[in-house]
Each structure stands twice: as structure tokens, then as C-alpha cells.
Amino acid sequence: MPEQADREIPATNLSRLVDSISEYLKYQKEEGVYSIESAAPNSPVVPTPSVTRATVETPMPDKAGADTLQLINAEVRACKACPLCEGRTRAVPGQGSSNPEIMFIGEGPGADEDRQGLAFVGRAGQLLTRIIEAMGLTREDVFIGNIVKCRPPENRAPLPDEMEACMPYLKRQIALLKPKVIVCLGATAVKGLFDVKTGITKLRGTWMSFEDIDTMPTFHPAYLLRNASGKKDVWEDMKAVLDRLGREPPPRKK
Ligand code: URA
Ligand code: SF4
């Protein structure tokens, strides 16, 4: 039977569609896309979720064949280089400024991130937002990414092989973004970048260097949700980061 163009959409489908469109728009905004080109003649006015996902990006190396964030994003979304691809809903390449002073690196997507395709949007992400804002910055000023781009099952820590398989993407992101400072959020981020066995409690607060970029290890915000006493340590570390950038934290709201 031919498709009926004007058939009614059931209310539940409609609400799912609206959810998925608003998620898509939020996602586009985080990717820096603020306008939408008008639809081609005869194409549906409202994209279906599957169309939405397939047309998120048009990966095109620039004329010189240089690497771009868009290309990395598209490769990540299609990646099958490790078994974590099997359990993902969406891969999470990371998002934010393309010219950030600070790059935050976490462990890997959780359930909320997997659903939305965006890094640090769940509870830990909301705490990270507050930390960034306490520093006088916004999420759009920094880049927020992870060691692995696909959600590990049951939120377990990524395995060494998975981290290794995913690391080329992070290295390409770092090479393009050229942040002045990297902040490693938690032990997994440190393990991903450095060959160290020392725990995060010992390492936090001391500068390290990753490919000549000053790198500050600190506690993961998810740890802070369970151990509020670590917040003052993280704040010390973030003040050290600001100091290194020649910035000062804004006066604290009373
Ligand atoms: N925890 C992480 O390490 N990364 C996220 O993106 C979310 C939670
Ligand atoms: Fe590819 Fe990384 Fe996802 Fe593994 S975690 S499938 S290496 S993008």
C-alpha cells in the first residue's frame, strides 16, 4: 500500500517524536549548530528519529584532507573498534568549544549520556556544570569528553583494551582542540592518558604533562556525589587550573 502522506500520528508517537526532536536540537546546539536549513521540497517537514540520527553530520575532510572534529564525531558514531559498540544507544564523542582553554576528560558515558549522545548530562554532569560555573566559565567555553565514547555495560570501568582502542579519537581531539589545560576527572581518565598505577587520591592536585599540555588530575564528579568532603579538594584543583590560565575565580555567590 502506498504511504499516506497525511495520516494521523498517534499521540504517544507524537510525544516521542517531539522528545526526540528537542533532544536533537539540544544536541545540535551543543555541537554549535544554531540554525536549520529549510527542508527540501517534498521532504517531510518533521524528520523521523531514524532520519535524524542518520543526518546528524556530513563528515567531510576539509579541502586539504585535514582532520576535523566533525570527522572524528562521525567516525566515533560508526565505530566498531571495540566490543562497547554492541551495547551503545548512541556514541558520545564529547562536545563544547572548538577552541577551549580547558578540556575536561571523564571516564565514559553513563545511561543518560548514552541516551542523548552527549557527555556529562546526567547527575555527575550537573555537578560538573556547577564546578565549571563556579570557575566563572560555561560549558560552551570548555570541551567535555571521555576516555571511551561508548557506554560500558552496567557503568563498569572501561577495560584496558577498550581504552586503548578508543584512545586515537581522544588524541585526535586533543591535537585539534589544543587546550591550554586538561583536567582528568577521576582515576580512569588518568589511566587513559598516563602509564601510572598511583591512585587518584595521591595524584590529584599535582600537575602532570600530557603531550606538553598541563594536566590536572582531580576527583570525578560522580565520586563527589557520594563523598561531599572531596569537593573542597576539587575546588583547590580548579583554582590551580584558573591560576595557570591567568584567571581568577569570580566572587562566590553568598
Ligand atoms: N561520567 C563520565 O565519566 N562521563 C560522562 O560523560 C558521564 C558520567
Ligand atoms: Fe569505538 Fe571507542 Fe566506542 Fe569502542 S568505545 S566502539 S573504540 S568509539
Side-chain angles (χ1 to χ4, degrees), residues 23 26-27 30-31 53 56-57 59 67 69-97 100 102-132 139-140 142-174 176-177 182-193 200 203-204 215-227 230-231 234 237:
E23 214 171 79
K26 194 170 144 210
Y27 162 81
E30 295 242 11
E31 292 263 317
R53 229 173 262 180
V56 160
E57 240 124 37
D67 204 4
L69 289 175
Q70 285 73 19
L71 192 60
I72 297 172
N73 293 355
E75 286 182 39
V76 162
R77 293 201 181 97
C79 181
K80 294 193 170 161
C82 91
L84 294 182
C85 69
E86 285 155 27
R88 76 178 171 224
T89 311
R90 292 194 187 185
V92 180
Q95 76 280 345
S97 167
I102 309 175
M103 179 176 190
F104 288 90
I105 301 177
E107 177 172 306
D112 295 301
E113 291 76 21
D114 176 71
R115 215 174 298 126
Q116 297 186 39
L118 294 167
F120 281 98
V121 288
R123 276 213 327 133
Q126 286 162 21
L127 180 49
L128 179 61
T129 304
R130 294 210 293 280
I131 293 168
I132 292 167
R139 285 175 67 111
E140 288 72 38
V142 302
F143 192 92
I144 304 174
N146 282 303
I147 294 288
V148 293
K149 317 299 193 196
C150 304
R151 183 193 184 194
E154 264 103 68
N155 295 343
R156 66 156 168 78
L159 303 172
D161 282 355
E162 295 159 352
M163 296 204 263
E164 200 183 316
C166 214
M167 195 49 69
Y169 297 122
L170 187 61
K171 286 196 172 165
R172 285 165 62 191
Q173 289 174 322
I174 293 170
L176 283 170
L177 296 166
I182 292 172
V183 175
C184 281
L185 298 168
T188 301
V190 177
K191 267 191 234 155
L193 296 192
I200 189 70
L203 284 178
R204 66 141 284 274
T215 302
M216 175 57 76
T218 196
F219 292 132
H220 193 289
Y223 170 85
L224 298 182
L225 291 172
R226 288 174 275 116
N227 303 275
K231 286 186 186 177
V234 171
D237 301 344

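Remember, it's 1-based here, ligands and their atoms both numbered in the order they're listed. The figures here come from the full heavy-atom set of this structure, side chains too, leaving out hydrogens, waters and symmetry mates.
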At a cut-off of 2.8 Å, what protein N/O/S atoms sit near atom 2 (Fe) of ligand 2? Cys166 SG
Please report the shortest heavy-atom distance between Leu127 and Leu225, naming the atom on each side. CD2-CD2, 3.9 Å
Run the numbers for me: atoms of ligand 1, each under 4.0 Å from some heavy atom of Ala119, listed by number. 6 (O)
Between Asn155 (side chain) and Gly110 (backbone), is there a donor-acceptor pair under 3.5 Å? no
Can you tell me how far CD1 of Ile174 sits from CZ of Phe143, rounded to the nearest 0.5 angstrom? 10.0 Å
Keeping the roles fixed (side chain from Glu107, backbone from Ile147), state whether a donor-acceptor pair exists under 3.5 Å. no
Could you state the interatomic distance from CG (Asn73) to CD (Gln173), rounded to the nearest 0.5 Å? 7.0 Å
Nearest 0.5 Å please: distance from the OG1 atom of Thr218 over to the CD1 atom of Ile200. 6.5 Å
When you compare the side chain of Thr89 with that of Gln116, does any pair of heavy atoms fall below 4.5 Å? no
Which residue supplies the protein heavy atom nearest to atom 8 (C) of ligand 1, what is that atom called, and how far is it? Phe120 CE2, 3.8 Å
Of all the non-hydrogen atoms in the protein, which one sits nearest to atom 4 (N) of ligand 1, and at what distance? Asn146 OD1, 2.8 Å
About how many Å separate NZ of Lys149 and CD of Glu162, when rounded to the nearest 0.5 Å? 14.0 Å
If the cut-off is 4.0 Å to any non-hydrogen atom of Glu107, which atoms of ligand 1 fall inside it? 2 (C), 3 (O)
Gly106 heavy atoms, cut-off 4.0 Å: which ligand 1 atoms fall inside? 3 (O)
When every non-hydrogen atom of Cys166 is compared with those of Val148, the smallest separation belongs to SG-CA, 3.7 Å
Measure the distances from the heavy atoms of Gly125 to every atom of ligand 1 and state whether one is below 4.0 angstrom. no
Looking only at protein heavy atoms, what sits closest to atom 2 (C) of ligand 1 is Gly108 O, 3.1 Å
Nearest heavy-atom pair of Asn146 and Val92: which atoms, and what distance? ND2-CG1, 4.5 Å
Against heavy atoms of His220, which atoms of ligand 1 measure under 4.0 Å? 1 (N), 2 (C), 3 (O)
May I ask you to identify, for Glu113, whether its side chain, its backbone, both or neither come under 4.0 Å of ligand 1 on a heavy-atom basis? side chain
